[in-house]
Amino acid sequence: MYNVMSPKAEEFISHEEILESLAYAEENKQNRPLIDEILNKAREKKGLSHREAAVLLDCELEDKNQEIYQLAEQIKKDFYGNRIVMFAPLYLSNYCVNGCEYCPYHAKNKHIARKKLTQEEIVKEVTALQDMGHKRLALEAGEDPVNNPIEYILECIKTIYGIKHKNGAIRRVNVNIAATTVENYRKLKEAGIGTYILFQETYNKESYEKLHPTGPKHDYAYHTEAMDRAMDGGIDDVGLGVLYGLNNYRYDFTGILMHAEHLEAYKGVGPHTISVPRLRRADDIDPDAFDNGISDEMFAKIVACIRIAVPYTGMIVSTRESQKCREKVLHLGISQISGGSKTSVGGYAEPEPEEENSAQFDVSDNRTLDEVVRWLMEMDYVPSFCTACYREGRTGDRFMSLLKSGQIVNCCHPNALMTLKEYLEDYASEETKEIGDKLIEKELDVITNPKVRDKVEDYLANIHNGERDFRF
Ligand code: SF4
Ligand code: SF4
């Protein structure tokens with residue numbers, strides 16, 4: 001039975017509730033008065049229930065679909081302005097005991113190169129990432145208690161935070177590792193991680209079990225309840241995601257919103273981020289073997305409807321998506337993107353030789369970070385390398401209340417400009433620097449409080465003179 005407050009996966013992600021919601025959405029996909037009512041509620045910018053959002057996702061009225069896109073754009077502007085936070089993934093190890101059918105790291109893949117970074121290699125990789133200008137990483141590792149135990153992950157985090165190269169520093173390490181115990185989540189919290197990210201892949205239990213035939217990940221309940229355990233272990237910020245293409249997208253869209261509702265109701269804090277990865281071609285994986293692929297148009301609609309349903313949740317799109325597709329969804333609600341990514345174990349310090357391919361998936365957007373930063377600025381976005389909230393203790397419910405009251409913008413915008421300035425001074429090409437300096441000048445006008453503006457101008461001058469790490 002559906003119960004948002006239940007600790008049991010099958011009750012807070014009730015299969016029956018999803019099917020009923022989907023049937024309701026199907027019945028009402030042309031119900032103009034109902035769609036208007038839902039859109040009016042959405043305009044209050046306090047979010048929608050999974051059932052209401054499912055109706056918008058299915059909506060077949062062209063004029064109402066345009067309203068959905070406009071509203072998503074408005075919400076994105078109101079909560080996140082024109083800032084886009086930058087990050088890069090760092091793959092630590094592709095040893096994995098699981099049998100995920102869509103991932104080349106599955107245990108039965110005998111021809112992929114298996115690698116695990118040593119601490120010395122991590123120093124090289126992170127130095128290369130710092131030299132690109134990154135300040136925020138997402139660590140990725142397969143599940144393997146022998147090769148990648150929690151002690152290894154903790155050691156890597158310690159190494160990464162300790163690397164100071166020129167003006168570089170990784171200031172926030174997010175972690176994407178397999179579902180684990182409360183005790184291990186506590187250790188990750190103590191190691192100073194930012195967000196704990198775990199993709200559900202699919203919320204459909206039957207498909208989930210088929211897609212994960214072997215290994216600990218087969219246990220649907222243990223995986224689905226992981227975020228509750230992470231929060232019990234003291235981690236405030238958790239990141240959800242499903243892998244679109246594996247299962248029916250309507251099902252997983254509804255499921256992820258139910259998961260968000262559960263976290264908010266049961267733990268008092270909704271998800272910090274939602275990622276929207278789509279299945280990609282990779283070694284031993286053919287996306288055509290999965291018949292749930294979604295078009296770019298539907299992908300954009302999913303992004304817009306998530307934006308409307310959970311306005312307080314950051315949204316992430318990775319280099320799995322092409323430049324064109326990323327352009328299409330940025331204004332609809334994306335607040336974070338990766339840039340200059342490598343999806344192999346290693347590869348930042350030196351390119352990986354072809355015969356040693358260890359990549360998890362093919363990257364669609366192969367541009368350098370400098371190119372991505374310039375591209376964003378040319379579209380009038382402000383690339384941000386900000387990590388201030390986590391470092392100021394603004395996490396979990398504290399962060400959410402600042403976000404909900406709209407106060408966070410007073411921090412985000414100045415921080416974006418200052419961290420962009422650091423990037424321009426230390427890492428940008430001449431062309432990018434020129435565009436960036438002009439953009440900062442223009443964006444200073446967005447700061448309406450004269451005292452804050454004066455302070456930001458002082459800090460920017462200090463950054464130009466070689467000082468670093470100012471924040472609000
Ligand atoms: Fe392992 Fe994760 Fe790949 Fe599954 S998705 S095979 S758990 S690395
Ligand atoms: Fe993110 Fe906080 Fe920085 Fe805003 S101030 S960009 S919410 S870390």
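We count ligands from 1, going down the list as the structure has it; atoms in each ligand are counted the same way. Computed over heavy atoms, backbone and side chain alike; hydrogens, waters and symmetry mates excluded.
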K.L.:
Select one of side chain, backbone, both or neither to describe which atoms of His212 lie under 4.0 Å from any atom of ligand 1, heavy atoms only.
P.N.:
neither
K.L.:
For His223 and Ala179, work out which heavy atoms get closest and say how close.
P.N.:
CA-CB, 4.1 Å
K.L.:
Less than 6.0 Å separating the ring centroids of Tyr203 and Tyr251?
P.N.:
no
K.L.:
Can you see whether Phe385 has Arg172 sitting over its ring - NZ or CZ less than 6.0 Å from the centre and within 45° of the normal?
P.N.:
no
K.L.:
Does some non-hydrogen atom of Phe399 fall short of 4.0 Å from ligand 2?
P.N.:
yes
K.L.:
Among all protein heavy atoms in this structure, tell me which lies nearest to atom 2 (Fe) of ligand 1, with the distance rounded to 0.1 Å.
P.N.:
Lys217 NZ, 4.1 Å
K.L.:
Using the ring centroid of each side chain, check whether Phe299 and Tyr244 are separated by less than 6.0 Å.
P.N.:
no
K.L.:
Heavy-atom contacts with Asn415 under 4.0 Å: which atoms of ligand 2 show up? List them by number with element.
P.N.:
5 (S)
K.L.:
So does Asp380 pair up with Lys442, basic N to acidic O under 4.0 Å?
P.N.:
yes
K.L.:
Should you measure from each heavy atom of Ala388, which atoms of ligand 2 turn up under 4.0 Å away?
P.N.:
8 (S)
K.L.:
For atom 1 (Fe) of ligand 2, what's the nearest protein heavy atom and its distance?
P.N.:
Arg136 NH2, 4.3 Å
K.L.:
For atom 2 (Fe) of ligand 2, does an N/O/S atom of Cys389 lie at less than 2.8 Å?
P.N.:
yes
K.L.:
Can you list the ligand 1 atoms lying under 4.0 Å from a non-hydrogen atom of His106?
P.N.:
6 (S)
K.L.:
As an exercise, state the distance from OH of Tyr220 to CG of Leu211, rounded to the nearest 0.5 Å.
P.N.:
12.5 Å
K.L.:
For the pair Tyr390 and Tyr161, name the ring-plane relationship: parallel under 30°, tilted 30 to 60°, perpendicular over 60°.
P.N.:
parallel
K.L.:
Is there an N/O/S atom in Cys100 at a distance below 2.8 Å from atom 3 (Fe) of ligand 1?
P.N.:
no
K.L.:
By number and element, which atoms of ligand 1 are closer than 4.0 Å to a non-hydrogen atom of Gly142?
P.N.:
8 (S)
K.L.:
Salt bridge or not between Arg186 and Glu190? Use side-chain N to carboxylate O under 4.0 Å.
P.N.:
no
K.L.:
What is the minimum heavy-atom distance between Ile285 and Arg280, and which atoms define it?
P.N.:
CG2-O, 4.2 Å
K.L.:
For atom 4 (Fe) of ligand 2, which protein heavy atom lies nearest, and how many Å away is it?
P.N.:
Cys412 SG, 2.3 Å
K.L.:
For this output row, return yes or no: ring centroids of Phe12 and His259 closer than 6.0 angstrom.
P.N.:
yes
K.L.:
Can you sort out which atoms of ligand 1 are near Asn98, meaning under 4.0 Å from one of its heavy atoms?
P.N.:
7 (S)
K.L.:
Run the numbers for me: atoms of ligand 1, each under 4.0 Å from some heavy atom of Cys96, listed by number.
P.N.:
1 (Fe), 6 (S), 7 (S), 8 (S)
K.L.:
In the protein, what heavy atom is nearest to atom 3 (Fe) of ligand 1, and what distance, to one decimal place, separates them?
P.N.:
Cys103 SG, 2.3 Å
K.L.:
Need the ligand 2 atom indices (1-based, order shown) with element for anything under 4.0 Å from a heavy-atom of Cys386.
P.N.:
3 (Fe), 5 (S), 6 (S), 8 (S)
